[in-house]
Amino acid sequence: MARRFGRATSRCEETQTHPRKMATSAVWLCLCLLFPSAEAGLYTASDQIVLLTQENVVSVLINSTAAMIVEFYASWCGHCVAFSPTYKALARDIKEWKPAVDLAAVDCADQENREVCKTYKVRGYPTIKFFHAYSKPDYEGLPFRDLRHKILDKLETHGEPWPPACPPLEPTSQMEVDVFFETNDVKHLALIFEDATSYVGREVTLDLLQFDSIAVRRVLNTEESLVTKLGVTEFPSCYLYYPGGNFTRLRVDIEARAFYSYALQRLPGVVRSGKPPPVSTELLKNNTEDPWRPFDKFRVYMADLESTLHYSLRVELGAQSVFQGRALTSLKAYISVLAKYFPGRPIVTNLLKDLNSWLQKQTGDRISYETFKEKLENDAQSPNSTLPDGVRWVGCQGSQPHFRRYPCGVWTLFHVLTVQANSKGSDPQEVLRAMRSYVHNFFGCRECAGHFENMAAETLEQVTSLPTAVLWLWSRHNVVNNRLAGALSEDPQFPKIQWPPPDMCSACHAVKDNGEHTWNLTEVLKFLLTYFSSDRILTDYLESESQILEKQREKHASQQVVHIAERHAERRAREALDFRKHPLETEPTEQEEEEEKGGEVEEEEEGPQDETAAEEEEEDEEDGLAGDMVGRSSEPTPWAKPEMELGRGGQQARKRPSFVRMRRDPQEDILDLDSFVNQHYKAKALQMATSTRVKRRSLQRKEEQEPGPVFGLGMELGAGLGMVGLEPVDAGFDLDFARPRKRLQKRDVAGQYFGQEAELRHKGHLMSVLTIGFSKVDISLCVFLYFLSSLCLLVMYLFFKNRLRRRRPKISVP
């Protein structure tokens, strides 16, 4: 609730305004029944009307420094409902008069306010009462019809004490004008010449009430001396008077209040009270942090639209971790209208269409923002599809980083969308509903979202055509401008005004017969359709599409590198954690043993067809056996993996045992030396066995070439060393039978090796348990220290024993 304390009213003239024909027709009775009592009443804080309650009525109305207009109404009354738009319009119209006069309302249908309405003798609705500044609670007002003019009459005839913020409203004379600058420190004195029945002078005087460096006075056409001195021939007309008697006429398109007020507020040095003066363009251009970009105020810039999309889709939507329910529906509607009506460059429209197509296909009840972001960033790298990253404000730039920018961009974006929908769409409320739901669910300023929701709930249903939708958004934008004029968020370089101003569209403004300002809606619609047309959007200050696509590719490449590094780090961490929890064994598994046995059986069943094939197969088998043995012994141990490879010429390529797949921090490099030693000597044994087989084959070939006794080749493995011996063979020995025997001998050798290896492994395990991973030097040192400590204990024992023996008391015999 907007409450203004200290600017209410004083002496109370009862001004009751009973409707002429209340309850005289069945129509009004139906209206009263259709609008039941609502807790919120007919007005909200967005209407710039002070909402009175039992708690604040005394502080607002009694002994205040400003006059107050109060409406007593009932929220169930049809006539009150019909009158509420007029009262709201009046509040917006006299917003600049607030230091002198303000508007309030109280809902008498609310049970809590019944005593307030009873105290001021309210018997019919609506009732309007005028409270003077410094009023007393026992004063009652009089009824009046024309509220705005009645307010001016009451202020002009206000008795003492005069409202301190209210300027003089009575006509001035030449004598006062001649000495004006001697008693007032202002730069401009505006003289409005009019007849006695005109209200223009008083209205403009109050319109400029909240601005410094300017004063306004009204001069009647009967003040002949001033009229003659300045050569005034038209009434009303406005002249600017300066010290020394200099003057000039204020040129406007229409001699009316709105044109005078707008022109006077734009004079050099005229600023709103409490606001800093506008920054010069030269200073803005010299700003190195965010350089000023000169722009044409009569055009829309694509840079503003793309910057708005960037902030909306990447920042505001990014605040949502998950879209579901109404938020998901709002997201789909928002992206849909963007894909349909956004008049952007091809790379942007392609992205919006792809994003909308993907989004509409989603049938789930929730979508995470990370999933949405992958599509937004075009991680699939669809060709010619991207949204520029970052903001570059042009028409929406402000004099300071916290002024205008994104809010200005949102208004501009939806104005453009409504204009585009006017020529391409079919649903009048499609864009407006999307904007309403977006602001309600995602717009960061929650108070702003509440104000916009109040406006939409009140009048959005009145939109029945596409042109009406364009005008509705324009009128709501002006309502917001009126409400925010003079607020802390207002940029002094770009004050909030009723847009478009006369210098942009003079035909949009008109004057009624009674001198009141009105809008020419036909001209306003024509101006909006032209101003926000896609054909007139400027592409200045934009990066080229090729540069944007190149940046996108670089961004994807860098993200891919980061992603791979992250996955690599996660895998390393996972492997290290798994190894700590489940240390790998060094013995072959049962499955590997079965595979080995199966391979041996296949070797027995198959034989080489000729000697050369047998020799080649034997070499392959030997290498395979060595490879299997090494592979089985090294696979469970991540830090030792000796490898054996065969070249094309049958030569074996050996590699030293290397520490591989040991992904630990430098502080955690722990090595089991016993396991490494076992693996190392196992590899050496395999190497010796393989080399022995090669020698054996060469000897056999030599003896086959020279006739003589046939010898069999036997091999035994000692303690880690291979010994070769020749055995004589009978003369009737079948060479064909010798080939499978060679394989049997090979398996015998392997069996002997594995038997000895198992025995050594058993001993190695026992030593590993006893030594707990210590080397022999460590054990020797421990034994030595143990022996030394035992020796020290023995010496200490003997020392204390001998000392006790000496101290044993001697008993003397008498």
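- Taking the ring pair (Phe, Tyr, Trp, His ring centres under 6.0 Å) definition, one finds that Phe494 meets it with nothing, sequence neighbours left out.
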task = Run the numbers on Arg202 and Asp153 for salt bridge (charged side-chain N to carboxylate O under 4.0 Å, His left out), then give the verdict.
result = CA-CA 10 Å; Arg202 284 169 285 185; Asp153 292 339; 3.6 Å; yes
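- For Asp212, the side-chain hydrogen bond (donor to acceptor under 3.5 Å, both in side chains) partners at least two apart in sequence or on another chain are Ser273.
- Panel note: side chain Ser261, backbone Ala258; no donor-acceptor pair is recorded below 3.5 Å.
- Without hydrogens or angle criteria, Asp47 side chain to Ile49 main chain gives no donor-acceptor distance under 3.5 Å.
- Under the disulfide (SG to SG under 2.5 Å) criterion, the residue pairs touching residues 468-522 are Cys505-Cys508, with sequence neighbours excluded.
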key: Stepwise salt bridge (charged side-chain N to carboxylate O under 4.0 Å, His left out) test for Arg218 and Glu170   = CA-CA 7 Å; Arg218 57 188 291 245; Glu170 66 277 3; over 6 Å; no
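- The ring pair (Phe, Tyr, Trp, His ring centres under 6.0 Å) pairs that include a residue from residues 171-205 are His149-Tyr199, His188-Tyr242, Phe193-Tyr239, where partners are two or more places apart or lie in different chains.
- A donor-acceptor pair under 3.5 Å is absent between the side-chain atoms of Ser237 and the main chain of Thr233, judged by distance alone.
- Among residues two or more places apart in sequence or in another chain, the ring pair (Phe, Tyr, Trp, His ring centres under 6.0 Å) test is passed with Phe259 by His509.
- For the pair Glu96 (side chain) and Leu208 (backbone), a donor-acceptor distance under 3.5 Å is absent.
- Note that CG of Leu226 and CD of Glu223 are 5.5 Å apart. Values are rounded to the nearest 0.5 Å.
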inquiry  = Before you tell me yes or no, could you show the steps for Arg249 and Glu255 under salt bridge (charged side-chain N to carboxylate O under 4.0 Å, His left out), namely the whole-Å CA-CA distance, both residues' side-chain angles and the distance that decides it to 0.1 Å?
reply    = CA-CA 12 Å; Arg249 183 171 180 176; Glu255 303 291 339; 3.2 Å; yes
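- Taking the six-membered ring for Trp, Tyr87 and Tyr43 have ring centres closer than 6.0 Å.
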query = Yes or no on side-chain contact (heavy atoms from CB on, under 4.5 Å) for Met68 and Leu103, after CA distance, side-chain angles and deciding distance?
reply = CA-CA 6 Å; Met68 182 69 69; Leu103 267 64; 5.7 Å; no
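- The disulfide (SG to SG under 2.5 Å) search around Cys166 returns none, not counting sequence neighbours.
- Using the six-membered ring where Trp is involved, Phe72 and Tyr120 have ring planes that are tilted, between 30° and 60° apart.
- Between Trp519 and Trp474, the ring planes lie perpendicular to each other; the angle is over 60°, past the 30° to 60° tilted range.
- Judged purely by atom type and a 3.5 angstrom limit, Glu194 has no side-chain atom pairing as donor or acceptor with the backbone of Phe235.
- Taking the six-membered ring for Trp and the full ring otherwise, Tyr406 and Trp411 have centroids separated by 6.0 Å or more.
- Contact of the Phe414 side chain with the Phe532 side chain is not registered, since no non-hydrogen atoms from C-beta on lie closer than 4.5 Å.
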